[in-house]
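In what follows, a single structure is set out as structure tokens and then discussed.
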There are 2 protein chains.
Amino acid sequence: MPAVATREQIVAAADRLFYHHGYEHTSFADIAGAVGLSRGNFYYHFKSKDAILDAVIDARLAATRRMLEQWEAEAPTPAGRIMRYVEIVLTNRADIQDYGCPVGTLTTELAKLEHAMLGQAGRLFTLFREWLREQFILLGHAEQADELAMHVLAFSQGVAVMANAFHDEAFIRREVDRMRQWLHTYER
Amino acid sequence: MPAVATREQIVAAADRLFYHHGYEHTSFADIAGAVGLSRGNFYYHFKSKDAILDAVIDARLAATRRMLEQWEAEAPTPAGRIMRYVEIVLTNRADIQDYGCPVGTLTTELAKLEHAMLGQAGRLFTLFREWLREQFILLGHAEQADELAMHVLAFSQGVAVMANAFHDEAFIRREVDRMRQWLHTYER
DNA sequence: ATGGCTCTAGGTCAATCGTCCTACGAGGGG
DNA sequence: CCCCTCGTAGGACGATTGACCTAGAGCCAT
């Protein structure tokens with residue numbers, strides 16, 4: 001098997017395990033077991049656990065960019081695109097109830113570990129932030145676009161934490177509806 | 001030294017360390033070092049690490065109840081009391097920027113660890129939820145009091161995650177102001 | 001002072017962690 | 001056929017983890 005396929009398998013398994021059980025709680029043995037490799041063989045593909053985390057973050061950044069591009073292709077209006085982001089807490093409801101937001105929980109964990117890769121993880125947030133900011137500019141609110149983007153981000157993080165804590169689907173739907181109404185007041 | 005004082009010292013140190021570095025990332029040696037005790041002696045006071053977590057959660061529950069009682073004594077109106085909760089993200093701004101919300105981050109971590117004490121940690125959220133619900137009932141919104149309480153909780157969690165990720169004080173102040181205006185629309 | 005209780009120190013345990021090393025098998029090009 | 005590289009397996013390392021044990025110091029009551 002070519003090395004690139006194995007490497008991608010490792011990144012995919014690590015991505016899933018980091019999300020489900022956290023970075024620190026995921027061991028080399030866990031990832032190796034998920035992929036079906038021996039532990040020791042790992043260092044042929046990644047020289048350290050941090051390197052795997054780095055690759056996982058890069059993969060998430062790339063996947064996020066693809067998702068944003070798809071949203072831009074599918075949703076014609078800026079407001080519709082913003083709603084695609086808002087509705088992600090419904091789209092990924094099952095995972096969020098079980099594991100929270102992949103971006104928020106990773107950033108929170110790395111902050112507590114004082115991990116060197118915290119800044120890299122923050123780029124995931126920044127990617128969404130700047131994309132949302134762009135949508136608000138297109139919506140005609142250039143002067144407060146960044147503040148509105150941050151508000152939408154805070155919404156998603158708050159809903160994710162509460163959904164994870166209480167497993168309440170009706171709550172998620174109510175908050176999405178509230179956000180939809182809020183967004184209407186900013187449509188031209 | 002009486003055992004009760006040592007026990008309280010252990011709980012206080014564990015509380016702080018769990019908040020700053022997370023539950024799993026905090027070892028017995030860390031707590032023992034913070035208190036100035038030997039590692040082995042630990043099992044005289046707590047038979048397991050879970051028992052310490054249990055005691056920490058109980059201590060947080062008690063401290064939270066005291067705080068809520070103080071808010072009720074200091075703020076005469078329900079709206080004023082709710083604002084005391086909202087403004088906690090400003091009051092504890094420094095800690096939140098560094099470590100996030102103590103309740104939210106603990107719950108998130110325990111969920112990922114599939115820890116048996118997750119339900120206990122959830123009681124911290126429930127305590128705030130029911131207190132906020134009571135305030136909204138007093139405000140004259142009995143029929144949607146719980147939904148409004150959940151919305152306020154989600155606000156605080158969202159702001160905490162974003163404040164931790166971006167260290168942006170102006171953002172926190174904007175969101176608190178936004179919440180103040182929102183609350184005004186619910187005042188009789 | 002003697003016995004018993006509270007509290008502590010320090011060592012030990014097996015398990016697991018991330019890391020590293022070496023040996024080996026498969027396979028293609030010379 | 002040999003050699004070289006790629007990819008893998010599995011063991012070993014030092015450190016650290018949570019957990020447990022025992023010996024004894026301090027003190028109070030009898």
Side-chain angles (χ1 to χ4, degrees), chain A residues 1-58 106 109-110 112-118 120-121, chain B residues 1-58 106 109-110 112-118 120-121:
Chain A
M1 181 187 302
V4 52
T6 302
R7 194 189 146 95
E8 284 171 4
Q9 273 189 305
I10 292 175
V11 172
D15 191 344
R16 193 185 110 263
L17 289 169
F18 288 172
Y19 178 34
H20 288 193
H21 305 125
Y23 171 72
E24 189 175 33
H25 194 55
T26 300
S27 69
F28 269 81
D30 294 333
I31 305 174
V35 181
L37 286 182
S38 66
R39 286 154 291 119
N41 182 22
F42 243 81
Y43 278 71
Y44 177 78
H45 300 279
F46 295 96
K47 70 179 192 303
S48 72
K49 196 181 177 185
D50 291 6
I52 299 182
L53 177 59
D54 196 28
V56 166
I57 293 176
D58 281 346
L106 179 64
E109 179 180 3
L110 295 185
K112 297 218 184 228
L113 303 187
E114 300 176 76
H115 196 286
M117 217 70 74
L118 173 61
Q120 277 296 310
Chain B
M1 180 188 300
V4 53
T6 302
R7 195 189 145 95
E8 284 172 3
Q9 272 189 306
I10 292 175
V11 172
D15 191 344
R16 192 186 112 262
L17 289 169
F18 288 171
Y19 178 35
H20 288 193
H21 305 124
Y23 171 72
E24 190 174 32
H25 194 55
T26 300
S27 70
F28 270 38
D30 294 333
I31 305 174
V35 181
L37 287 182
S38 66
R39 289 150 288 121
N41 181 21
F42 243 79
Y43 280 73
Y44 176 79
H45 300 279
F46 296 96
K47 70 180 191 304
S48 72
K49 197 181 176 185
D50 290 6
I52 299 182
L53 177 59
D54 196 28
V56 166
I57 293 176
D58 281 346
L106 179 64
E109 180 180 3
L110 295 185
K112 295 215 188 238
L113 304 186
E114 299 177 77
H115 196 285
M117 216 70 76
L118 173 60
Q120 278 294 312

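Just so it is clear, the values below take in all heavy atoms, side chains as well, and ignore hydrogens, waters and symmetry mates. By convention in this document, chain letters (A, B, ...) are assigned in the order of the sequence lines, proteins followed by strands, and residues within each chain are numbered from 1.
- Regarding A:Gln9, its CD atom lies at a distance of 14 Å from the C1' atom of D:dT8, rounded to whole Å.
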Item to check | Audit row: B:Val11, B:Asp58, side-chain contact (heavy atoms from CB on, under 4.5 Å) steps and yes/no | outcome: CA-CA 10 Å; B:Val11 172; B:Asp58 281 346; over 6 Å; no
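- If you look at A:Tyr43 and A:Phe28, their ring centroids are closer than 6.0 Å.
- Screening A:Ile57, A:Leu110, A:Asp50, A:Val56 for a side-chain contact (heavy atoms from CB on, under 4.5 Å) with A:Gln120, the sole residue that qualifies is A:Ile57.
- Side-chain proximity of B:Lys49 to D:dG18, D:dG11, C:dT8: nearest is D:dG18.
- The CD1 atom of B:Ile52 sits 9 Å away from the P atom of D:dG18 (whole-angstrom rounding).
- Look at B:Thr6 and you'll find a side-chain N or O under 4.0 angstrom from OP1 or OP2 of C:dT8.
- In this structure, B:Tyr43 does not reach the D:dC20 phosphate: none of its side-chain N or O atoms is under 4.0 Å from OP1 or OP2.
- Atom CZ in B:Phe46 sits roughly 13 Å away from atom P in C:dC7 (whole-Å rounding).
- In this structure, the CZ atom of A:Phe42 is 14 Å from the C1' atom of D:dG7, given to the nearest Å.
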Next on the checklist: Please determine whether side-chain contact (heavy atoms from CB on, under 4.5 Å) holds for the pair A:Tyr23 and A:Met117, giving the CA-CA distance in whole Å, both sets of side-chain angles, and the decisive distance to 0.1 Å.
Outcome noted: CA-CA 11 Å; A:Tyr23 171 72; A:Met117 217 70 74; over 6 Å; no
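- Defined by atom type and a distance below 3.5 Å, a donor-acceptor pair is missing between the side-chain atoms of B:Asp30 and B:His25.
- For the segment residues 15-31 of chain B, the set of residues with a heavy atom within less than 4.0 Å of an atom of DNA chain C is empty.
- Spacing between atom NZ of A:Lys47 and atom P of C:dC21 amounts to 14 Å, rounded to whole angstrom units.
- A close approach under 4.0 Å does not occur between any side-chain nitrogen or oxygen of B:Tyr44 and OP1 or OP2 of C:dT8.
- Here the CD atom belonging to A:Glu24 is positioned 9.0 Å from the CG atom belonging to B:Leu113, to the nearest 0.5 angstrom.
- The distance from atom CG of B:Leu37 to atom P of C:dT6 is 18 Å, rounded to the nearest whole Å.
- The phosphate of C:dT8 (OP1 or OP2) has a side-chain N or O of B:His45 nearer than 4.0 angstrom.
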Next on the checklist: A:Thr26 vs A:Tyr19, test: side-chain contact (heavy atoms from CB on, under 4.5 Å). Steps then yes/no.
Outcome noted: CA-CA 9 Å; A:Thr26 300; A:Tyr19 178 34; over 6 Å; no
